[in-house]
Amino acid sequence: MAELFDQIDELRRSPGKVAVATLVNTRGTTPRKEGAKMLVGEGGSVLGSVTIGGCVDAQVIEQTEDVLSTNRPRLLELNLGDEEAWEIGLTCGGTIEVFVEPLSSDLLERVRAHTGKGGRAAIITRLAGPVGSKILVLDDGTITGSFGDAVLDERFIEAMTVGTSRTLFAEGTRAFVEVFAPSALLLVVGASHVSMPMTELARVLGYRTVVIDGRPRFATRERFPQVDELKIGIPSELVSEYPLVPSTALVLMAHDYKYDLPVLHKALATEVGYIGMLGSTRRGAAILKLLAEEGESEASLKRVRVPIGLDIGARSAPEIALAVLAEIQAVRGGGTGQPMSTKPRRDTVPVTGPSRSEPSPRS
C-alpha cells in the first residue's frame, strides 16, 4: 500500500490528470490479485500494472485516454484467448475486469492517514447502476458516501469484514470492496550490522521500519539512512510505543540478555505476529529456560523463533537479513518455506500454452 501512495505522489507532481486502473475481477488463475493497480498520467507516464504487463496492460492504457477526456469511469471486460491468457499468467482463456477512473485522491488520503495510525479501511466502488459511486468505511465506525439506497449501503458495508479485496454481488448490484490494512511494521531491537541490510530490504517489501537501541554510537543515521524511525533508549520501554499486533514483526538483534529478556516478556503478553531472536541454538535454549523460570508458559515460548530465519546457507550480514525476512514473509503469508519446485501441485490445473519444443505463434 505504501508503494501505491508513493506512486500517486510521484504522478501528482507531474502536469496533467491521472487515471487509475484497478483489477476488480478475474476468472482463471493469475499472478496478480484483485486490487492490483496501474496509474496512467495524461502525459504518458505509467506506474504499476494490473496484470504482469504485455497486451492486457496496453489495452487498458489505451482506454485511459477516453476516461480522462470525458472524466467518466469505465468498467472494462477483457476476453482473452488462450495465447493472451498464457502471456499474463492465466492457465487458459478467460475474462478479467478492470475498472478505470480519474484519480480522486480525497478518499485515498483519508485511507492513508487512517492506516498510518494502525487502522483498517475499505473503499467500496459501485460497478453497476451509477458506476463509480463510492463509500469509504473506517474501522472506527466512520462512513462516508452512499450508493443512494440505505439497504444496499448496509449490505456492502458489512463486506468490509471479508478481509481481502474482491468484487461482490448484493441486492442485484455489483461492487468492488477494496480493503486497506496498515503497513506491516518491522520492529528491530539492536542496531547491529545485520539490522542495516534487513531494514533496507524490508522497506523494499513495503514494511515500515523502526530500529531501537540503547547505544547512541550504533543507532545513527549514518548506519541507518533509510529507516523510518530510529529510537535510542531502553528497548523494553520503547517497544511499548508501537502496536504489537499480528501485522508487526519483532526481531531481536542486540544479542544482549538485558535487552532480550525484558522485551520478550513484554512481547509475549501481546498478539505480535512474529517474534525472532538472533543467536545460536545453545543461546536460544538458555534464553527460553530463563523465560520459563520467570513464569512464561510453554505455549508462549513456542512463539519465539531462535535461531532465526530460513536455512538458505546464509553467511554474510545481507544473506542473514534475507533469510530472516524470508521467514517473516512465510509466516505472514502462510507459506511453507519449501522450494516452489517441490511444492505439491494440483492435478486439476490444466497445462496449456506454448512448449519449449513448439515456438509461439507470435515468434
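Just so you know, these numbers come straight off a predicted model, no measurement behind them.
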For residues [X] and [Y]: do they belong to one hydrophobic cluster (side chain heavy atoms under 4.5 Å, members Ile, Leu, Val, Met, Phe, Trp, Tyr)?
X: Tyr257; Y: Val251; result: no
X: Leu78; Y: Met38; result: yes
X: Met277; Y: Ile234; result: no
X: Val324; Y: Leu186; result: yes
X: Leu250; Y: Tyr242; result: yes

Under a 3.5 Å distance rule, please check whether [X] uses its side chain to pair with a backbone N or O of [Y] as donor and acceptor.
X: Thr22; Y: Val24; answer: no
X: Asp213; Y: Ala219; answer: no
X: Arg155; Y: Glu171; answer: no
X: Ser165; Y: Val179; answer: yes
X: Thr220; Y: Arg217; answer: no
X: Arg174; Y: Ala128; answer: no
X: Arg303; Y: Gly273; answer: no
X: Glu101; Y: Pro73; answer: no
X: Tyr274; Y: Arg305; answer: no
X: Asp139; Y: Arg120; answer: yes

Testing Leu75, Leu68, Thr64 one by one against Val100 for a side-chain contact (heavy atoms from CB on, under 4.5 Å), which residue passes?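 With Val100 as partner, Leu75, Leu68, Thr64 yield a single side-chain contact (heavy atoms from CB on, under 4.5 Å), made by Thr64.
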Which residue in the set Leu103, Ile61, Val20 passes side-chain contact (heavy atoms from CB on, under 4.5 Å) when paired with Val40? Ile61
Distance in Å, [X] [atom1] paired with [Y] [atom2], rounded so as to fall on 0.5 Å steps:
X: Ile320; Y: Leu278; atom1: CD1; atom2: CG; result: 6.5 Å
X: Phe147; Y: Ile157; atom1: CZ; atom2: CD1; result: 8.5 Å
X: Lys302; Y: Glu298; atom1: NZ; atom2: CD; result: 4.5 Å
X: Met198; Y: Ser192; atom1: CE; atom2: OG; result: 6.5 Å

Where [X] and [Y] come nearest, the two heavy atoms and their spacing:
X: Ile124; Y: Phe156; answer: CD1-O, 3.3 Å
X: Gly35; Y: Glu178; answer: O-OE2, 4.1 Å
X: Arg74; Y: Asp66; answer: CD-OD2, 3.5 Å
X: Thr248; Y: Val272; answer: O-CG2, 3.3 Å
X: Val189; Y: Pro235; answer: CG1-CB, 3.7 Å
X: Gly309; Y: Glu327; answer: N-OE1, 2.9 Å

In sequence, state the C-alpha distance, the side-chain angles, and the governing distance for Glu293 and Leu290, and then conclude on side chain to side chain contact (heavy atoms under 4.5 Å, CB included). CA-CA 5 Å; Glu293 292 172 352; Leu290 287 172; 3.8 Å; yes
Just do the side-chain hydrogen bond (donor to acceptor under 3.5 Å, both in side chains) check on Arg110 and Thr142 with the steps written out, would you? CA-CA 11 Å; Arg110 293 186 61 180; Thr142 302; 5.4 Å; no
Under 4.0 Å between a side-chain nitrogen and a carboxylate oxygen: does that hold for Asp149 and Arg126? no
Note: Glu237-Lys266 ion pair, threshold 4.0 Å (strictly below): no
Determine, step by step, whether Arg215 and Asp256 satisfy the salt bridge (Lys or Arg N to Asp or Glu O under 4.0 Å) criterion, reporting the C-alpha distance in whole Å, the side-chain angles of both residues, the deciding distance to 0.1 Å, and the verdict. CA-CA 12 Å; Arg215 304 165 295 180; Asp256 189 326; 5.8 Å; no
Does the side chain of [Y] come within less than 4.5 Å of [X]'s, by heavy atoms?
X: Leu244; Y: Leu187; answer: yes
X: Leu264; Y: Leu291; answer: yes
X: Thr199; Y: Gln226; answer: no
X: Glu34; Y: Thr167; answer: no
X: Asp140; Y: His114; answer: yes
X: Ile123; Y: Leu108; answer: yes

Does [X] have more than 12 heavy atoms from other residues, nucleotides or ligands lying within 6.0 Å of its [atom1]?
X: Glu65; atom1: CD; result: no
X: His193; atom1: NE2; result: no
X: Glu294; atom1: CD; result: yes

Go through the steps for Val245 and Leu185 under the test side chain to side chain contact (heavy atoms under 4.5 Å, CB included), then give the verdict. CA-CA 9 Å; Val245 295; Leu185 172 65; over 6 Å; no
Test side chain to side chain contact (heavy atoms under 4.5 Å, CB included) on Met253 and Val211; report intermediate values, then the result. CA-CA 10 Å; Met253 287 285 178; Val211 172; over 6 Å; no
Side chain to side chain contact (heavy atoms under 4.5 Å, CB included) between Val227 and Arg203, intermediate numbers included: CA-CA 8 Å; Val227 73; Arg203 278 182 58 84; 5.8 Å; no
Sequence neighbours excluded, which residues qualify as side-chain hydrogen bond (donor to acceptor under 3.5 Å, both in side chains) partners of Thr209? Asp228
Centre of Phe180's six-membered ring, under 6.0 Å away, within 45 degrees of the axis: is that where NZ or CZ of Arg112 sits?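 Geometry flag: not set, cation outside 6.0 Å or 45°.
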